[in-house]
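Take a look at the structure set out below.
All residue numbers in this chain count up from 1 along the given sequence. Quantities reported herein were computed from a predicted structural model and do not represent experimental measurements.
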Amino acid sequence: MATTSKQPEKHHIESSPLVISDSFEGYPLNFFNLPLHYRDDLKSVLIPYGLVQDRIEALASRIFSDLHIHIPEQLICMCVLKGGYRFFSDLVSKIQNENRLRNDRSLPMSLEFIRVRSYINDHSTDQTEIIGLSDLNSLKDKHILIVEDIIDTGVTMVALKKELEKFKPKTINVVSLFTKRRHDKKCIFKPDYSGFEVPDHFIVGYALDYNEYFRDLEHICVMKESGISKYKVAGGDKVEES
């Protein structure tokens, strides 16, 4: 009697974030190698470096699978500095691995680096300045992937995307390594691809900084209140929300 083999199900990589619950406070510090100069300032490791890398690899595979772009067109991977540089570098490297290992298709890319400066006036209307691209008109009919480290309220990303749309690109997709789940404010922007949804903790590491400290920390860590006070800049209570 002939038997038919069942075709294996296609592996589906989730573009939505891996959700870290509010009740999870992180892993004890003594299970990890951490820089001596930061150990007293941290409460716990929320997301270990290895898990961050695995999730970025999965996002790279999903983006590679979703975006069908062929030479002479390219995907413009646009890094939002400063915080996004580490995620951007690892994500692009893992997409390049897909290009190197796959023989059925590829994803041509070019790289751009920008800074975003937002202003909100008394009438609650926004003005966004994009620094880094010499000619924004060159974005017309192009495919753009905005790479951001963390989306908090979403205000900055809404303004950035709105500003880029003025130059008539063909597509704009947004990938963020983290989205923050806040209780006091609702996020008004949902990225197309997201690595993790994190609780409303004060997190640093993997290029997420606090007043330019902690960018050299590999793991995503939760700060102690004493650490927040230690690195606080006088007169720096006003924070630009992403």
Side-chain angles (χ1 to χ4, degrees), residues 49 52-53 55-57 59-60 62-64 66-67 69 71-100 106-119 126-180 189 191-196 204-218 220 239-242:
Y49 174 77
V52 172
Q53 290 299 311
R55 186 68 185 117
I56 295 173
E57 186 172 56
L59 287 174
R62 177 62 190 262
I63 290 167
F64 184 90
D66 285 353
L67 305 184
I69 298 168
I71 288 290
E73 291 187 318
Q74 291 179 305
L75 176 66
I76 300 176
C77 298
M78 188 174 290
C79 175
V80 181
L81 298 169
K82 288 183 181 179
Y85 82 89
R86 186 79 182 272
F87 173 43
F88 179 84
S89 175
D90 287 342
L91 180 70
V92 168
S93 176
K94 293 178 192 306
I95 294 175
Q96 287 174 331
N97 284 341
E98 295 278 351
N99 278 334
R100 182 170 57 86
S106 62
L107 180 58
M109 296 182 292
S110 66
L111 312 181
E112 293 287 353
F113 299 86
I114 64 169
R115 291 175 186 263
V116 180
R117 192 174 292 162
S118 298
Y119 305 90
D126 59 271
Q127 177 187 351
T128 302
E129 181 183 4
I130 300 173
I131 304 167
L133 280 175
S134 57
D135 183 13
L136 289 167
N137 291 302
S138 65
L139 299 177
K140 185 177 180 181
D141 295 327
K142 301 295 177 58
H143 299 278
I144 299 173
L145 178 67
I146 302 172
V147 183
E148 176 69 288
D149 56 350
I150 185 167
I151 292 177
D152 193 333
T153 62
V155 172
T156 299
M157 188 54 66
V158 167
L160 173 59
K161 190 173 180 183
K162 182 179 178 182
E163 186 67 20
L164 291 174
E165 285 171 346
K166 293 178 183 178
F167 301 94
K168 298 181 171 53
K170 188 174 289 186
T171 62
I172 300 178
N173 286 282
V174 177
V175 55
S176 178
L177 184 55
F178 306 105
T179 55
K180 184 174 279 191
F189 184 85
D192 301 281
Y193 305 94
S194 180
F196 302 90
V204 290
Y206 192 69
L208 290 176
D209 76 302
Y210 179 48
N211 292 327
E212 297 302 326
Y213 292 94
F214 301 98
R215 292 196 194 276
D216 54 338
L217 182 63
E218 295 282 84
I220 301 299
V239 177
E240 181 182 352
E241 294 178 330
S242 298

At what distance, to the nearest 0.5 angstrom, does CG of Leu177 lie from CG of Leu208?
7.5 Å
Distance check, rounded to the nearest 0.5 Å: Leu164 atom CG versus Met157 atom CE?
9.0 Å
Carefully, step by step, assess Phe189 and Thr179 under the rule side-chain contact (heavy atoms from CB on, under 4.5 Å).
CA-CA 10 Å; Phe189 184 85; Thr179 55; over 6 Å; no
Tell me, which pairs form a salt bridge (charged side-chain N to carboxylate O under 4.0 Å, His left out) where one or both residues lie in residues 136-145, sequence neighbours left out?
none
Can you measure from SG (Cys77) to CZ (Phe113) and round to the nearest 0.5 angstrom?
9.5 Å
Show, in sequence, the C-alpha distance, side-chain angles and deciding distance for Ile220 and Phe196, and conclude whether the side-chain contact (heavy atoms from CB on, under 4.5 Å) test is met.
CA-CA 11 Å; Ile220 301 299; Phe196 302 90; over 6 Å; no
Distance check, rounded to the nearest 0.5 Å: Arg115 atom CZ versus Ile130 atom CD1?
14.0 Å
Answer yes or no: is there a side-chain heavy-atom contact under 4.5 Å between Arg86 and Arg215?
no
Please give me the minimum heavy-atom distance between Gln74 and Ser110, naming the atom from each residue.
OE1-CB, 3.6 Å
Could you walk me through whether Tyr206 and Ile56 pass side-chain contact (heavy atoms from CB on, under 4.5 Å), step by step?
CA-CA 12 Å; Tyr206 192 69; Ile56 295 173; 3.2 Å; yes
To the nearest 0.5 Å, how far apart are CE in Met78 and CG in Leu160?
7.5 Å
Option passing side-chain contact (heavy atoms from CB on, under 4.5 Å) with Phe88 (candidates Asp149, Leu111, Val80)
Leu111
Salt-bridged, Glu98 to Arg62, with N to O below 4.0 Å?
no
Looking at Tyr213, I want to see if its OH is surrounded by more than 12 non-hydrogen atoms of other residues, nucleotides or ligands under 6.0 Å.
no
Donor-acceptor check, side chain of Arg55 to backbone of Gly195, threshold 3.5 angstrom: yes or no?
yes
Under the salt bridge (charged side-chain N to carboxylate O under 4.0 Å, His left out) test, which residues partner Glu112, sequence neighbours left out?
none
Ignoring hydrogens, what is the shortest heavy-atom contact between Phe87 and Ser176? Give both atom names and the distance.
CE2-C, 4.0 Å
Heavy-atom closest contact (Ile144 atom, Pro169 atom, distance):
CD1-CB, 3.7 Å
Apply side-chain contact (heavy atoms from CB on, under 4.5 Å) to Asp192 and Val175, showing your working.
CA-CA 6 Å; Asp192 301 281; Val175 55; over 6 Å; no
To the nearest 0.5 Å, tell me how far Ile63 CD1 sits from Leu75 CG.
8.0 Å
Please confirm whether the backbone N or O of Leu145 pairs with a side-chain atom of Asn173, one donor and one acceptor, at under 3.5 Å?
no
Heavy-atom closest pair, residues Met109 and Gln96
CE-CG, 3.7 Å
Please check if the side chain of Ser138 supplies one atom and the backbone of Asp135 the other of a donor-acceptor pair under 3.5 Å.
yes
